[in-house]
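Notes follow once the structure below has been shown.
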Amino acid sequence: MRCGRGHDEYVVIGGGVRAVARRLRGRTNIELKSPGEIEAMRAAGAVVARTLRLLQNHARAGVSTGELDELAEQSIRDAGAVPSFKGYHGFPASICSSVNEQVVHGIPSRTQVLADGDLLSLDCGAILAGWHGDAAVTVHIGTVAEVERRLSEACRAALEAGIAAARPGGRLTDISHAVQAAALAAAAAHGTSYGIVADYGGHGIGTAMHMDPFLPNVGRPGRGPRLVPGMALAIEPMLTAGGDKTEELDDGWTVVTVDGSRAAHWEHSVAVTDDGPLVLTVE
Ligand code: MG
Ligand code: MG
């Protein structure tokens, strides 16, 4: 689904942002938060983290992604928050559930029943008191193949490396480079190669889910906006066990790998502070 209403820099979709044109060129309008506003974002992030933990505890063979979606919506609303994905450019659910070769933006369904060996990515967003949180985890259903366990581990390591690079004084693509370098290092350590999905990436976050700047998951360091305290970014690497090419299904949302390889997706919302990176989407 190509929306981009009011956004000439990227197409905005579900739990990620698709770059289409100017990317880091051109002007960006980056929202800076006060320390008090960062605290408010932590509260929103905690709702997301709590919800994802609930879903991780419930995700098992025989459970449908539709059931997980209902649990997520209840968890978010019970916290006095609003599920940000629901109705977002017409998205019909409170989470994205992407199974196996689905990379991101999978639509939960009562008919999509999880099976032993599935690799499930869960992406969740919530708005609390006007502030957004956005995070994703990849979950093993039952026993997954070792190669997929490592894929998810590599993606999580890439996220952690990206978070560590979100420091004042750096530049935006220091994060991109750290994500890419960590993914490559993990692939080398695992004696394999991973596709680093470059069609989608992270984004600024705050009073809206998807804000400037677009954050690529690959690239040379030292480019893009300078990282300053008060910036908040959703960092979200997506890795595949095969190639990096993706396509969107006819449902207008679900993004799958072209080669059918399985994918992992990890995400945190992170603030740049004087004391370094602060992960917002934790309990
Ligand atoms: Mg997300
Ligand atoms: Mg996101």
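Every number for a ligand or one of its atoms is a count from 1 in the order of the listing. As a basis for the values below, the full set of heavy atoms in this structure was taken, side chains included, without hydrogen atoms, waters or symmetry mates.
Hydrophobic side-chain contacts under 4.5 Å tie V256 into a cluster, directly or through other members, with L249.
For the Mg ion (ligand 1), the set of nearby N, O or S atoms under 2.8 Å includes none belonging to E236. Among the backbone and side-chain atoms of D123, none of the N, O or S atoms lies under 2.8 Å from the Mg ion (ligand 2).
No side-chain N or O of H105 forms a donor-acceptor pair with one of E248 less than 3.5 Å apart. A donor-acceptor pair shorter than 3.5 Å can be found between the side chains of D251 and T254.
Under the side chain to side chain contact (heavy atoms under 4.5 Å, CB included) criterion, A136 pairs with D123, H265, E267, sequence neighbours left out.
Closest approach between the Mg ion (ligand 1) and any N/O/S atom of E267 involves OE1. Its N, O or S atom nearest to the Mg ion (ligand 1) is what matters here, and for D134 that atom is OD1. Here the N, O or S atom of H203 that is nearest to the Mg ion (ligand 2) is NE2.
With contacts defined as side-chain heavy-atom distances shorter than 4.5 Å, the pair M231/L32 qualifies.
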